[in-house]
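Below, all heavy atoms of this structure are taken into account, side chains as well, without hydrogens, waters or symmetry copies. Every chain is numbered from 1, with letters handed out A, B, ... down the list of sequences. As the structure is a prediction and not an experimental result, all values here were calculated from the model.
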Amino acid sequence: MNHENILEVRNLVKHFPIKSGILQHTMGQVKAVDGVSFHIKRGETFGLVGESGCGKTTIGRTILRLIEPTSGEAVINGVDIFKMNKRNLRPLRPKIQMIFQDPYSSLDPRMPVGEIIGEAVREHNIVLKSEYRDYIIKVMEDCGLRPYYIDRYPHEFSGGQRQRICIARVLALNPDLIVADEPVSALDVSIQAQVINLMKDLQRDRGLTYLFISHDLSVVEHISDNVGVMYLGSLIEMAPKREIFRAPMHPYTKALLSAVPLPNPNVKMNRILLEGDIPSPANPPAGCKFHTRCPRATQVCRTQAPKFKDYGKNHMAACHLYDQN
Amino acid sequence: MPESDYVTSMKNPSNIIEFDNLQTYFYTDAGTVKAVDGVSFDIPMGKTIGVVGESGCGKSVTSLSLMRLLQGPQGQIAGGQLRYNQISRKRAVDIAKIPIKEMQKIRGNEIAMIFQEPMTTLNPVFTIGSQIDECILMHNPKISRKEVKVHSVEMLKLVGIARAEGIYDSYPHELSGGMRQRVVIAMALSCNPQLIIADEPTTALDVTIQAQILDLLRGLKDKINASIMLITHDLGVVAEMADYVVVMYAGRIVEQGTADDIFNKPMHPYTIGLMKSKPVLNEQVERLYSIPGNVPNPINLPPHCYFKNRCEKCVEICSGVYPELIQVTSTHKVSCYLHAKPDMSKYRVIGGKRL
C-alpha cells in the first residue's frame, strides 16, 4: 500500500441475489458493483459519477460496511476493513463517516440538534465529559450553525441548514475519510453553493478526504481532484479532473459531458444523444457493457470486454477504441 | 354563472395566456401565505416561456393556478386575471373565474400538464394504454374504442417509443424513468393542446435521458405548434429551451425578458447571484459565489424588497417600498432600485433619504 493513499479499493464486487418463490431460490444476481479498483490520496477529493443504477452508491455503502461486499478489498490506513469483524471495526467507525443525500430523512425528528451531533461523540468517547458541550458548540460554529440551535429540533431548519447539521454530526467524530453521497442534490442552487464552499473550507482546515458521489458533473468538476466515471457497475474511465473534463476518452464520458445543459442560450451544443436506457444490471450485455448504446461500437466491442488501462498522465479508460496493440 | 362573468378579451390576440396581477394565497392556521403575489407575464403563441426560481418561490403554484388545481379550501386565487385565448371557441376566458364544468373541458384538453415525477403521475394498476385512452375518451366521448387505441399508439410513436403496441399493454412499473416520462408526454399531447405546462419535466431523470426528453419536447413543439410553459430550477435547461424567461423570488417576478436578456445581461442581483452560484462545466473557479442567508419566511414578508437582506448591492432606498417592475428595454423588465431611472422622486423612502 502506498503511504499517501488513505483508501485503496481493489476489485470490489457486490452482487445482490434475486430471490423468488416460496423457497427463495436465487434466480440470478444483480451485479451492482462488478470489480472496481481505485484509490484516494490523503486530503484529496475523489468524485464518482454515473447515472442512477450504475452502482456508485453501493460502492460508498460497502466501504463503510453498511452493505457487506461479495468480494474484494478496501484498505484504509493499512488494514483491510472487509476482513475485520464487528468488534474490531468499531474503533475504526468514527474515522470513516458518511453524509447522506436527503437531509430531511437522515435526521431523527425527535432529537434536538445537540443530541444528533453529540450522540456518537459520547458513544466513542471523543472528548471528556466536562468538555462535551463546548466541543459540540465549537463543531456547530465550524459548520456555520449558531450555538443556540443546540436545543432546537430538525423540523425548525431549512434544507441547507439541515445538511450543515449532517456535516457537523460527521465532523464531530474527527473522521479521516468522508463518503458524501449526493450531499447537495436535494438543495437549491444558492444553498448548494453554500454547502459546497463549507465542505471545501473544512477540507482545507482539517485535511479531510472525500469520496464525493454525485450525478451532477459540474459539481463534481468543481470539488474533485480525481474523477471516476461508472457505467453498469464498472469504472469505465478515471483520471485527474483536468484530464477527464478537458480530454475525455471513453464515448460514454463524452456523451455524459455533452448532455449537461449550459446556462448560455448562445452556445449550440454538439450533443451526443445516447439511444435507449441503461441495460439491466441483472443481465448486463456481453463484451463492453456500453456497446448497446455506443455510437462507435464495433464488432470486437460485442464480444470482448475492454481492459481498464492507463493511457498516460494517470488517465485510465476501458475502451477498445484506444486499445489497438 | 352567466358567460359574461368570465368571458373577457385578450390584451394582445397573439398571446395564448396573459397572467395579469395573479395573486394566489394559501390561508393556513399560521397565517396567510402569499405564494404568488402580483405576477404578470404573457405566453405568446408558439413560444416557450421558462419560469425559474428556487423551491418555494411560487413557480409551481403559478402553474397550478392556471390549471385550477390548487389545494382547496386553503389555496385560493385571491385576485388578478388569468386570461386564456380559447381559440377553439373564438373567445378569451378568465381562468380565475371560469366555472369548474368549463374548466374541465380545457384542462388536459387545451392546456395539458407534464409533472415532475413520472413514477407518481401514472397509476400503477392500469396499463399505459388504458391511461392514455381515458384521457382521449374524456374529451372526445363520441369516437369508438378502436379509433382511440389507434390514436394512443400513434401518440406513443410520436414521443419516440419504438415498440408502441407492446408498451400500450404494459404497466408503468415495467418501464424505465425516461420511458415513463415519454408516456406522460404522450398523454399530455393526446388531445392536441394549445399550451403544455411542463413542471420540472426532467428533474427526476439522469442527464443523458434529460437530453433525450428535452430534444423530444423541442421537436414536438414545432410539430404540433403549441406553446410551452417550462418550470424549472435548472438554468441550463432554461437557457436551452426558452425564448422568454421569468425569474421568480418569494412569490414575485424579480426579472423577466428574452433568454438573451436574462443570460447575457442579467440585472437583478438575485439573477446574477443565481448564475454565479452554479458551477459550470469547463469553467474553473476557486470558490463558488454563494448568496448569503435564506429565502424569507413566506408568512409575514417584509414591506421592503424581499431580497434586501441577502443582497450585497443594496442601498438605502431598498428599505423603502417593494420596487416596481422597471421596463429597461422593450423586452427586459427588472424589479430593483439599482436600475431605476434617475428620476427617483416617486420612489422617495418614508423616513429615508432620496437616492
Side-chain angles (χ1 to χ4, degrees), chain A residues 49-54 144 157-161 184-198 200-201 215-223 231 241-242 245-246 252 255-269 271-280 293, chain B residues 52-57 160 162 175-179 202 204-212 214-215 232-243 245 258-264 270 273-295 310:
Chain A
V49 280
E51 295 179 275
S52 46
C54 72
F157 295 93
S158 64
Q161 279 173 319
V184 294
S185 306
L187 307 176
D188 274 318
V189 193
S190 72
I191 309 299
Q192 217 174 50
Q194 292 177 6
V195 172
I196 292 172
N197 284 341
L198 172 67
K200 279 200 124 179
D201 292 346
H215 68 273
D216 189 332
L217 290 151
S218 38
V219 170
V220 167
E221 185 192 21
H222 181 75
I223 201 162
Y231 187 77
K241 161 174 78 178
R242 207 165 257 281
F245 285 95
R246 293 272 158 82
Y252 178 65
L256 211 55
L257 287 173
S258 81
V260 179
L262 293 177
N264 184 347
N266 304 339
V267 177
K268 281 284 160 275
M269 311 264 319
R271 184 153 289 164
I272 308 165
L273 268 190
L274 289 180
E275 301 283 324
D277 293 309
I278 301 189
S280 158
R293 300 171 80 195
Chain B
V52 237
E54 295 181 280
S55 41
C57 73
L175 309 180
S176 65
M179 287 282 260
T202 56
L205 306 175
D206 283 315
V207 269
T208 59
I209 309 298
Q210 165 171 295
Q212 290 176 3
L214 293 181
D215 202 54
T232 179
H233 67 271
D234 190 331
L235 291 164
V237 171
V238 174
E240 196 165 299
M241 299 285 293
D243 302 303
V245 181
T258 61
D260 183 53
D261 289 338
I262 300 292
F263 286 97
N264 296 330
Y270 177 65
L274 210 55
M275 290 194 195
K276 271 202 288 184
S277 58
K278 187 182 157 60
V280 177
L281 270 188
N282 291 322
E283 276 178 27
Q284 284 299 309
V285 279
E286 200 28 58
R287 197 179 166 78
L288 285 177
Y289 174 79
S290 72
I291 304 175
N294 285 299
V295 182
R310 302 177 75 187

Inset, instruction - Walk me through it: do A:Glu51 and B:Ile209 pass the test side-chain contact (heavy atoms from CB on, under 4.5 Å)? - result: CA-CA 9 Å; A:Glu51 295 179 275; B:Ile209 309 298; 4.3 Å; yes
Inset, instruction - Start with the C-alpha gap between B:Asp260 and A:Asn266, add the side-chain angles, then the distance that decides, and say whether side-chain contact (heavy atoms from CB on, under 4.5 Å) holds. - result: CA-CA 8 Å; B:Asp260 183 53; A:Asn266 304 339; 4.1 Å; yes
Inset, instruction - Using the side-chain contact (heavy atoms from CB on, under 4.5 Å) rule, take B:Asn282 and A:Glu221 through it: C-alpha gap first, then chi angles, then the decisive distance, then the call. - result: CA-CA 8 Å; B:Asn282 291 322; A:Glu221 185 192 21; 3.8 Å; yes
Inset, instruction - Let me see the working for A:Gln192 and B:Glu54 under side-chain contact (heavy atoms from CB on, under 4.5 Å), right down to the final yes or no. - result: CA-CA 11 Å; A:Gln192 217 174 50; B:Glu54 295 181 280; over 6 Å; no
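Interface check for chain A: of the options B:Leu281, B:Leu235, B:Asp215, B:Val295, the most heavy-atom pairs under 4.5 Å are formed by B:Leu281. Of the listed residues (A:Ser258, A:Gly159, A:Ala259, A:Ser218), the greatest number of heavy-atom pairs within a distance under 4.5 Å of chain B belongs to A:Ser218.
For chain B, the nearby part of A:Gln161 is the side chain; its heavy atoms alone come within less than 4.5 Å. Contacts between B:Gln210 and chain A at a heavy-atom distance below 4.5 Å involve the side chain alone, from C-beta outward. Looking at A:Ile196, the atoms closer than 4.5 Å to chain B (heavy atoms on both sides) all sit in the side chain, from C-beta outward. Proximity to chain A (any heavy atom under 4.5 Å) is restricted, for B:Gln284, to the side chain, taken from C-beta onward. Both the backbone and the side chain of B:Val285 come within contact range of chain A, each with at least one heavy atom under 4.5 Å from a heavy atom of that chain. Contact annotation for A:Leu273: only side-chain heavy atoms (C-beta onward) come within less than 4.5 Å of a heavy atom of chain B. Heavy-atom distances place no part of B:Tyr270 under 4.5 Å from chain A, backbone and side chain included. Contact of A:Leu257 with chain B is made through backbone and side chain together, with heavy-atom distances under 4.5 Å.
For the residue pair B:Glu286 and A:His222, the shortest heavy atom distance occurs at O-CE1, 3.9 Å. Closest heavy-atom contact between A:Pro263 and B:Phe263: O-CD2, 3.5 Å. Here the shortest heavy-atom pairing between B:Asn294 and A:Ser158 reads OD1-OG, 3.8 Å. Residues A:Ser52 and B:Asp206 come closest through the heavy atom pair OG-OD2, 2.6 Å. Nearest heavy-atom pair, B:Ser290 versus A:Ser190, reported as atom, atom and distance to 0.1 Å: CB-O, 4.2 Å.
A:Asn197 places a side-chain N or O within donor-acceptor distance of the main-chain N or O of B:Leu288, the cut-off being under 3.5 Å. Counting only distance, with no hydrogens or angles, the side chain of A:Gln194 and the backbone of B:Ile291 share a donor-acceptor pair below 3.5 Å.
Note that CD1 of A:Ile272 is 11.5 Å distant from OG1 of B:Thr208, once rounded to the nearest 0.5 Å. Separation of atoms CZ (B:Arg287) and CG (A:Asp201) is listed at 4.0 Å; rounding is to 0.5 Å.
Annotation: side chain of B:Asn264 is in contact with side chain of A:Asn264 (closest heavy-atom distance under 4.5 Å).
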